[in-house]
Amino acid sequence: MPPAVLRRYTPPTCTLEVRATGSALSRWTDQTVMKNVRFNLRFDDPRRPTEQQVEVQGDRRQLEALHATVSEYVARLLGSDAGLADEALLRLAPERSPLVAAVAQGLPEDKTPAQGLEIVNRDGVDLRVGAEDIQLKPLGLLAHELHLGTLAAGAAVDTVRLSTTQLVDLAEALDAYTAEAMAVDLPYAAGTRRSPEWLRVAAVAVLAVGVTGSIAKFVMDVNAPPSATVATENAEPSELSANQPAPEAYSTTTLPEATAQVPSPAALPSPPPIPTIPPGDTLPLPTPPAGAAPGQATLPQPVPAPQAAPVRPPAIPAAPPQAIPQPPAQRPAAAPAPVLLPEDPAAMARTGDSPAPTVMGLPGEHAETAGGSFAADSIQPDAAVRSAPSRLTTGSIPQVGEAQQYFQSRWQPPENLNRALEYRVIVAANGVVQQVVPLGEAAGIYVDRSGMPLMGETLVSPLPTGRRATLRVVLYPDGRVQTLLEGIE
Amino acid sequence: MPPTTKPRASVQDALPLANQPDPAQLDSIKAQLDLVLLALEALAGIGSDAMLQAADTLGLTEAIADRVALWRLRQSSPLRKGQGRKRMDVDEARSLVLIICHLAQQHQELIRRAVTLLEQLTEQGREPHQTALLGDYLDTFHNTYQERMDDDAATPDQLTYLALKLLIDLLFYGTPHGARRLWMALIDRAK
């Protein structure tokens, strides 16, 4: 029975899922020969509510065409000559930026913003013509328009406007898939010699592989595709959380009983796990190299939030209660992803709606913490937030102060700790810890030494009006503790 | 010290080159590498210590052994003031690519925050200078550029554009496939 393969790539602003059936031909090749490749790609735009997020699906040819188009586009974008930028290239976002408006005045009338194409088009190559009619074109320096071509068939729209961060994420997801198509093949070849016992037992092999950058990869090698992919999806998080030997999870799950049908894309109701997974995995210390060479880290405290925060506001942690089952002490390693089972689309919708305030706060805050060389210049409206992030947020409800005291009295930094540990703690209305999410690998490893209360223990006094709060707790190696209020709902 | 030969070979595989670049192409590569480093410096405040540390971590000390070697490489940019146009060979360029991407990865969080901020401001029709993070970056970039480069022709607007373009490029370079992207961009640009 040919195995089914599911790969999922979840950079912060998009989710790429690829499903395929492994071919029997794989037995004689070094690589997995995949048949019936189908993919889902979801663009997570933090500026839009969930119901307006765009999702497309397609087959192998379309996936390859998309990859080729995006790669080529990015290559040209990076290869374009900024040093010799002429006036026309000074536009950031053609329609709105004052910079642009100023520049646009000097342009001939027929030069509409969409013709910012010179950026990538100086060689005369028309990027708009791609396979499967998939095209990308620049709208100034910061925005890009993806024409879905044949991919638009199942989608509500035929173009997607991508910000640069979204483009980076899309390119990375596609690259990661392409690169991994090779990488995953090795274990696969071995898989052909699996014993029947192995096939029978619903053994779960969790293979730990480094997750580079900010992409969390989950590879499920489902031995025979499931009566329903949905089932597979559901099985994943629990199994992952039950088996977390490695900090950066890359798991291979084998399920025994399943039929060998490629699930139709429609059968995949695009489970909402996506949005919650990235924050867990990418927010936290997503730049491991910093740890690898502590000597040169210029960010004094690798406080993770800001990177993804602007894209995905902290309100997200409002993860469903079902997801909580595990007390933190039992989690040896980070892999916080599985903990978040986003079955609460409403919460996601909310996050999509209300990014603005947090977004502006966080970057500002970090401008100071992180870049020591950036003297605060007070033009910025959020200067107050930036200069005293903890005080400002601490003041919002007394429980933050209580939590601060709680951790202050318990936090004993381990000797060899060289980075801050961050946790997101969701406190129920009665002051009891409802969920703890370690942000980053180190936070997961040291969770049992963080003094973190177990789920169900009381952390603070009851919250007003039956609401629950999301706190962020930062434990520094020098013994300091910082508790911030991420949100109340 | 880590072995330098093996990484080198794999570096050449990872960052392939069809033809040996001619002097003009090499000039373009040198100039661009120096600019990307300048953007990193201006944004993240990294200095030569961090660059040398990265070289050490990556096993590239053969190409970039010390401060002087690094200075020589950076000084080789044709845009530089003074006695520029010093030598840089292709392997040295490769080493700088790896160092840049290593550092960009380390500071990816900051870079992403800066780009996201830029996107937000642009959406709101506000100037990048209005935030501390971008304002400081642009100031530092302008100042350092004018201090080091022999380029009186660049207008402030052009420098701002250059700085922002480099910032966006850094976001790509800091991804797992960043080194290859940077290398291809250098070659593309040098054509």
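All of these numbers come straight from a predicted model, not from anything done at the bench. We name chains A, B, ... by the order of the sequence lines, and we start the count at 1 in each one.
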* Asked: Does the side-chain contact (heavy atoms from CB on, under 4.5 Å) test come out yes or no for A:V74 and B:M184, once each step is laid out?
  -> CA-CA 10 Å; A:V74 169; B:M184 301 314 285; over 6 Å; no
* Asked: If you look at every heavy atom in B:K165 and A:L77, which pair is closest and at what distance?
  ->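 So the minimum-distance heavy-atom pair works out to NZ-O, 2.9 Å.
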* Straight-line distance of B:Q32 CD to A:L78 CG, nearest 0.5 Å ->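 Here the rounded value is 9.5 Å.
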* To do: To the nearest 0.5 Å, tell me how far A:L167 CG sits from B:F172 CZ.
  =>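 The CG atom of A:L167 sits 4.0 Å away from the CZ atom of B:F172.
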* Asked: Given side chains that start at C-beta, do those of B:H177 and A:L174 come closer than 4.5 Å, heavy atoms only?
  ->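 Counting from C-beta outward, B:H177 and A:L174 never come under 4.5 Å.
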* Under the 3.5 angstrom rule, does the side chain of B:E119 hit a backbone N or O of A:T165 as a donor-acceptor pair? ->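 Indeed, once roles are kept as given, a pair shorter than 3.5 Å links the two residues.
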* **Check: A:R76 side chain, B:D188 main-chain N or O, donor-acceptor pair, under 3.5 Å** =>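 No, the answer is negative, given that no donor and acceptor are paired below the 3.5 Å cut-off.
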* Sole candidate of B:I168, B:L121, B:L164 that passes side-chain contact (heavy atoms from CB on, under 4.5 Å) when paired with A:L142 ->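 Of the listed residues B:I168, B:L121, B:L164, the side-chain contact (heavy atoms from CB on, under 4.5 Å) partner of A:L142 is B:I168.
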* Asked: Salt bridge between B:R180 and A:D175, side-chain N to carboxylate O under 4.0 Å?
  ->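 Salt bridge: no.
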